[in-house]
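As the structure lists them, so they are numbered: ligands from 1, and atoms in each ligand from 1.
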Amino acid sequence: MSDLYHKVSNSPVGRSVVSALNLPAPVILERQTRSNAPFIEGEVLISAAPNSTAIEAICTVLGASTASLYALDSKALIATADIKSKTKVCSLKVDAIDEKRRFKGLVFDATGITTTEELKTVYEFFHPVIRNVGKCGRIVIVGTQPSSCATPAMAASQKALEGFIRSIAKEVGKKGITAHVIYSVPGAESHIESPLRFCLSPRSAYVSGQTLSVSKAAKTKATDWNTPLSGKVALVTGASRGIGEAIAKTLARDGAHVVCLDVPQAKDALNAVATDIGGSTLPLDITSPDAPQIISEHFKKEFGGMDIVVHNAGITRDKTLGRMPEQFWDLLIDINLSSEERINDALFEDEVFNKNARIVCVSSISGIAGNVGQSNYAASKSGVIGYVESLSKQLKGGITINAVAPGFIETQMTAAIPFMIREAGRRMNSLNQGGQPGDVAEAIAFFANPASQGMNGNILRVCGQSLIGK
Ligand code: NAP
């Protein structure tokens, strides 16, 4: 589905009309074009609040990039000499930054903030340079998980980062700039590499104003960032089109063998996707009583196990509750929620999941905010969130479960929405546009990455910071 307004407003004539009428002008977002593209290029400015603990990990990650690193020289912040000793950076004084200078990224380690007064360091770092972030730039704060803070004062100051970053993301979104907080529990800082790379890269083009939680986890082997899923076997449900097709293609790009599953009626489209990516097919209705067993036996027999499952298949059956036929409720809950549980139960019971397997579910912002005519759909998608949050606490053997919650994504599903509601859905977010199926796929590939071992129980919105929901 193409967004005509986005195309027109980015044409030379359209741009001047949009500007004259003071209409929102969605920028063309920078997206990942090749798997081996550097995760960030250009100038990145870093600093930290005194006594912060993640700066070393941040320097290691950024030190491996091709970006030029600068540390902001300010009395209130960590001494630049400390940062310089960790990686190759140049120090930069505020008055040496002229208004034309453009940074690709601003990264701040706020883990050392323990009192609300010390929050001032966030202001000290971002205030002088926020207007120097270039188009599609990236802003990231690394903080300490508020629930793991030793004192209420520290929890307050760390939680404050969330409100700060959500506001910043809204202020700069019109330029395609995104902003996030990565919360780490103390001692898990070595696991921030994967979320930091994701948040700084074009892979997170349509993700903004989010928090990601990093928990303690076993050490992982060094990752080949170009093909992180090499040797892995994945199942993607609903893979014949839309978001599922994009997920299958993205996981295959990252090196996985993908088993593409969809209803038997979609066999031709499914074959085309699988052929395109060198994967295989499993035409199956996930609600059929024997589906969990068929999937479980297929993976055991063909591959000896499973590394990644993406529960993407889903439907909408919209009607206000009073007018909703019973079968709309039953079928939707069965496809969007119950079948995922049954499939996972079988995969656990038959010990099909390999060590460090990844389960990724697809929720929706409708499940966070609710929507008129979608009581069944929103219930199913909130249910997915509850399921992920609960199961994440029980998993063993390095297995993780996370969910993505897409907002308005340009697919057949959203093409069916009436025009006015569709236009509102597209524009009511900080980036003023709908997302692409590939944006959701990139977030899923990030959770599927072996380096994302510290990511468990996260619900990541892929919605351009939709104004709907929290
Ligand atoms: P889509 O284009 O309708 O694709 C979904 C696929 O799942 C279809 O091929 C569908 O087949 C298949 N499917 C449905 N029931 C199935 C079953 N019982 N067994 C196996 N496959 C089944 O949808 P999409 O827009 O790509 O959405 C993918 C996921 O993202 C869904 O979970 C959706 O709720 C979620 N999501 C989408 C958006 C968005 O803006 N598009 C926003 C938030 C969340 P059929 O042809 O039979 O329907």
Side-chain angles (χ1 to χ4, degrees), residues 1 3 206-207 235-250 259-274 281-292 294-295 309-318 328 330-340 342-343 360-371 374 376-385 387 403-417 421-422 424-426 428-429 433-441 443-444 459-464 466 468-469:
M1 183 76 197
D3 178 352
Y206 197 63
V207 185
L235 172 71
V236 178
T237 69
S240 73
R241 64 168 196 240
I243 294 172
E245 177 182 357
I247 299 166
K249 288 183 172 168
T250 306
V259 178
C260 305
L261 181 152
D262 211 303
V263 286
Q265 302 90 291
K267 216 167 120 207
D268 290 346
L270 197 63
N271 278 337
V273 174
T281 62
L282 188 56
L284 188 66
D285 182 333
I286 53 170
T287 62
S288 73
D290 54 357
I294 292 174
I295 294 171
V309 58
V310 184
H311 293 291
N312 163 75
I315 60 165
T316 48
R317 289 292 181 273
D318 295 358
F328 272 30
D330 291 343
L331 181 69
L332 187 140
I333 297 291
D334 201 19
I335 294 175
N336 291 12
L337 188 57
S338 311
S339 62
E340 297 187 10
R342 289 195 298 268
I343 291 167
V360 191
C361 300
V362 179
S363 177
S364 164
I365 56 163
S366 185
I368 294 169
N371 217 353
Q374 291 202 318
N376 52 356
Y377 184 72
S380 75
K381 296 300 186 180
S382 294
V384 167
I385 293 173
Y387 179 72
V404 295
F408 185 99
I409 305 298
E410 305 282 355
T411 67
Q412 225 165 293
M413 195 182 254
T414 44
I417 298 173
I421 304 175
R422 190 167 69 226
R426 271 188 183 133
M428 280 170 60
N429 59 72
Q433 58 194 287
Q436 296 298 323
D439 297 329
V440 182
I444 288 172
I459 313 297
L460 180 62
R461 291 172 54 148
V462 184
C463 63
S466 170
I468 298 168

If we number the atoms of ligand 1 from 1 as shown, the ones under 4.0 Å from a heavy atom of S363 are 44 (C)
When distances are taken from atom 41 (N) of ligand 1, the protein heavy atom at minimum range is T411 OG1, 2.9 Å
So the atoms of ligand 1 within less than 4.0 Å of a heavy atom of I335 turn out to be 15 (N), 18 (N)
Looking only at protein heavy atoms, what sits closest to atom 43 (C) of ligand 1 is P406 O, 3.3 Å
Which atoms of ligand 1 are found less than 4.0 Å from any heavy atom of Y377? 33 (C), 34 (O), 35 (C), 36 (N), 43 (C), 44 (C)
Top protein contact for atom 35 (C) of ligand 1, by heavy-atom distance: V362 CG1, 3.6 Å
Compute the minimum heavy-atom distance from I315 to ligand 1 and say whether it is under 4.0 Å. yes
Of all the non-hydrogen atoms in the protein, which one sits nearest to atom 32 (O) of ligand 1, and at what distance? N312 O, 2.7 Å
For I409 and ligand 1, does the shortest N/O to N/O distance drop below 3.5 Å? yes
Which ligand 1 atoms, with their elements, are less than 4.0 angstrom from a heavy-atom of A313? 7 (O), 13 (N), 21 (N), 22 (C), 32 (O)
Nearest-contact summary for atom 3 (O) of ligand 1 - protein heavy atom, Å: R241 NH2, 2.8 Å
In the protein, which heavy atom is nearest to atom 27 (O) of ligand 1, and how far is it? I243 CD1, 3.8 Å
Students should be able to answer this: which protein heavy-atom is nearest to atom 23 (O) of ligand 1, and at what distance? M413 CE, 3.8 Å
Does S240 have a heavy atom less than 4.0 Å from any atom of ligand 1? yes
Side chain of N336, backbone of I315: donor and acceptor closer than 3.5 Å? yes
Considering only non-hydrogen protein atoms, determine which one is nearest to atom 9 (O) of ligand 1 and report residue, atom name and distance to 0.1 Å. D262 OD2, 2.8 Å
With atoms numbered from 1 as shown, which atoms in ligand 1 lie under 4.0 angstrom from a non-hydrogen atom of L284? 19 (N), 20 (C)
Given G367, G244, A246, G314, identify the one with the heavy atom nearest to atom 5 (C) of ligand 1. G314
Would you please determine whether G407 falls within less than 4.0 Å of ligand 1 on a heavy-atom basis? yes
Please determine whether any non-hydrogen atom of K381 lies less than 4.0 Å from an atom of ligand 1. yes
